[in-house]
Amino acid sequence: MSWRFPIRGGPPSATANHVLKVARGLALRCNDAVLGFWISTLLTMEPCYGLSSPQQVEGQHVWVEYDEADISEATATEVAAVADDAWDYYVETFAWPAPPEPISVDADFTNDSAFGQCITVECDDGEHVPRCAVFGPAFGAGAHPNTTAHEIGHAFEYGLMGFYVDSLGSWAWWMEGTAEYMAYKLLPVAGTRAVIETYLGNPNWTLHHTFAEFVDGTRVGHMYGTAALAMFIDEYYGGPETVRQTWEWGAAMSGQPIYFGDAIEGIGLDFDTFWPDYLAHISVVDLDVGPELVSAPARFDISALPGSGNAPDAFLPEGLGMTFARFP
């Protein structure tokens, strides 16, 4: 989940930035053995924006900040392990480029505003480096592993889009859908199926939603539930590589509103073929969640054939929305 809050912490670390620049320069000239040494060194560096919480756990790719008055070291270590697992999985399985510099995840039990957040901080070298957090409600619900993986997914999105506000301005809904899909591939949980239910239960709502609508809260579940669209692309249109390609194409549009049809066309697919194919599949999807899928999608009924019917106004599709009809 992306959110809008000021970050805590001190100024960027000049030493970290200097070492990063030196390492980058050496990486252009070194052999594999020496480069491997420098990469190993970089993984132990602090983020350029520094560390501010009383305690830290150093992972392979991320630092986890916490206050032992609220979070145990064991829990912080668990967050670090999941963050590292997600990082490796997204690089090795999804072939996403990793964030450009070390990042931190703040395990903050006292913040009850959301399950988590991930923003970016502009450092001295001009890089927009992700800074993520997992908040109290996620720990309370036992959802901190999935939330951690979700927020690391956002960090990878920012690695392509840059400044997080630009990414939100382009397609806040696809940010949430993609991050939820990425986290679910690593850690399948019922919560993802629940938000997909919200998406399928309101098929007439537009595909595109802005960050303002995220803040409003009414359609947040629908935005997360567009993970179903990412899952469809993964299964029928080339796997996770194709999902990633939408982001690689979108990177050049960062900060501008992106119409999903343009992204599909931009990666070489025919949207006029793709979207009807998606609608045909999504209308008969079987989530295999049994009693968790408690509400049938909004629909209108045609009671007999031959027959006809008009969908109620509330069911008429918004942009790239769907209307379902049930026949006898």
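Below, all heavy atoms of this structure are taken into account, side chains as well, without hydrogens, waters or symmetry copies. Numbers here are sequence positions counted from 1.
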What donor-acceptor contacts under 3.5 angstrom involve side-chain atoms of residues 240-249, with partners at least two apart or in another chain?
{"residue": "Glu241", "atom": "OE2", "partner": "Gln245", "partner atom": "NE2", "Å": "3.2"}
{"residue": "Thr242", "atom": "OG1", "partner": "Tyr237", "partner atom": "O", "Å": "2.4"}
{"residue": "Arg244", "atom": "NE", "partner": "Glu248", "partner atom": "OE2", "Å": "2.8"}
{"residue": "Arg244", "atom": "NH1", "partner": "Phe94", "partner atom": "O", "Å": "3.0"}
{"residue": "Thr246", "atom": "OG1", "partner": "Trp174", "partner atom": "NE1", "Å": "3.1"}
{"residue": "Thr246", "atom": "OG1", "partner": "Val243", "partner atom": "O", "Å": "2.6"}
{"residue": "Trp247", "atom": "NE1", "partner": "Thr178", "partner atom": "OG1", "Å": "3.1"}

Is any side-chain heavy atom of [Y] closer than 4.5 Å to one of [X]?
| X | Y | value |
| --- | --- | --- |
| Cys48 | Glu101 | yes |
| Leu207 | Phe260 | yes |
| Met161 | Trp171 | yes |
| Ile152 | Tyr89 | no |
| Leu316 | Asn204 | no |
| Phe156 | Pro99 | yes |
| Asp108 | Ile71 | no |
| Leu279 | Met322 | yes |

Centres of the [X] and [Y] rings: under 6.0 Å?
| X | Y | value |
| --- | --- | --- |
| His209 | Trp173 | no |
| Tyr164 | His128 | no |
| Phe274 | Phe232 | yes |

Backbone N/O of [Y] and side chain of [X]: donor-acceptor pair under 3.5 Å:
| X | Y | result |
| --- | --- | --- |
| Thr148 | Val82 | no |
| Gln56 | Val64 | no |
| Ser53 | Glu65 | no |
| Thr120 | Val129 | no |
| Thr206 | Gly319 | yes |
| Asp84 | His61 | yes |
| Tyr49 | Pro130 | yes |
| Thr93 | Tyr90 | no |

What residues form a salt bridge (charged side-chain N to carboxylate O under 4.0 Å, His left out) with [X], not counting sequence neighbours?
| X | value |
| --- | --- |
| Glu318 | Arg219 |
| Glu73 | none |
| Glu180 | none |
| Asp234 | Lys185 |

[atom2] on [Y] to [atom1] on [X], rounded to 0.5 Å:
| X | Y | atom1 | atom2 | value |
| --- | --- | --- | --- | --- |
| Gln55 | Tyr66 | CD | OH | 5.0 Å |
| Ser167 | Ile119 | OG | CD1 | 13.5 Å |
| Ile233 | Glu235 | CD1 | CD | 12.0 Å |
| Glu197 | Asn202 | CD | CG | 9.5 Å |
| Glu151 | Glu157 | CD | CD | 10.0 Å |
| Asp270 | Asp272 | CG | CG | 5.0 Å |

Kindly work out whether a path of hydrophobic side-chain contacts (I/L/V/M/F/W/Y, heavy atoms less than 4.5 Å apart) joins Val220 to Trp205.
-> no
Given the rule that I, L, V, M, F, W and Y join up when any side-chain heavy atoms are under 4.5 Å apart, are Ile264 and Tyr181 in one cluster?
-> yes
Ignoring hydrogens, what is the shortest heavy-atom contact between [X] and [Y]? Give both atom names and the distance.
| X | Y | result |
| --- | --- | --- |
| Val62 | Ala80 | CG2-O, 4.4 Å |
| Glu78 | Pro145 | OE2-CG, 3.9 Å |
| Thr198 | Gly221 | CG2-C, 3.8 Å |
| Ala228 | Ile282 | CB-CD1, 4.2 Å |
| Leu160 | Pro97 | CD2-CG, 3.7 Å |

Partners of Ser72 by side-chain hydrogen bond (donor to acceptor under 3.5 Å, both in side chains), sequence neighbours excluded?
-> Thr75
Mind checking what makes side-chain hydrogen bond (donor to acceptor under 3.5 Å, both in side chains) contact with Thr210, not counting sequence neighbours?
-> Glu213
Distance-only polar pair, side chains of Asp277 and His281, donor-acceptor under 3.5 Å = yes
Short side-chain donor-acceptor distance under 3.5 Å, Gln117 and His154 | no
Who pairs with [X] by ring-ring contact (aromatic ring centres under 6.0 Å, His included), at least two apart in sequence or on another chain?
| X | answer |
| --- | --- |
| Tyr259 | His208 |
| Tyr184 | none |
| Tyr199 | His222 |
| Phe271 | Trp275 |

According to the disulfide bond (SG atoms under 2.5 Å apart) rule, which pairs have a member within residues 131-207, sequence neighbours left out?
-> Cys118-Cys132
Verify side-chain contact (heavy atoms from CB on, under 4.5 Å) between Trp63 and Val57, making sure each step is shown before the conclusion.
-> CA-CA 6 Å; Trp63 291 81; Val57 171; over 6 Å; no
Which of parallel (below 30°), tilted (30 to 60°) and perpendicular (above 60°) describes Phe139 and Phe109?
-> tilted
Give the ring-plane orientation class for Phe211 versus Phe214, where under 30° counts as parallel, over 60° as perpendicular and anything between as tilted.
-> parallel
Pair His144-Phe115, ring pair (Phe, Tyr, Trp, His ring centres under 6.0 Å): steps then yes or no | CA-CA 8 Å; His144 53 286; Phe115 271 44; over 10 Å; no
Residues Thr192, Asn146; criterion side-chain contact (heavy atoms from CB on, under 4.5 Å); working and verdict = CA-CA 9 Å; Thr192 301; Asn146 176 264; 4.3 Å; yes
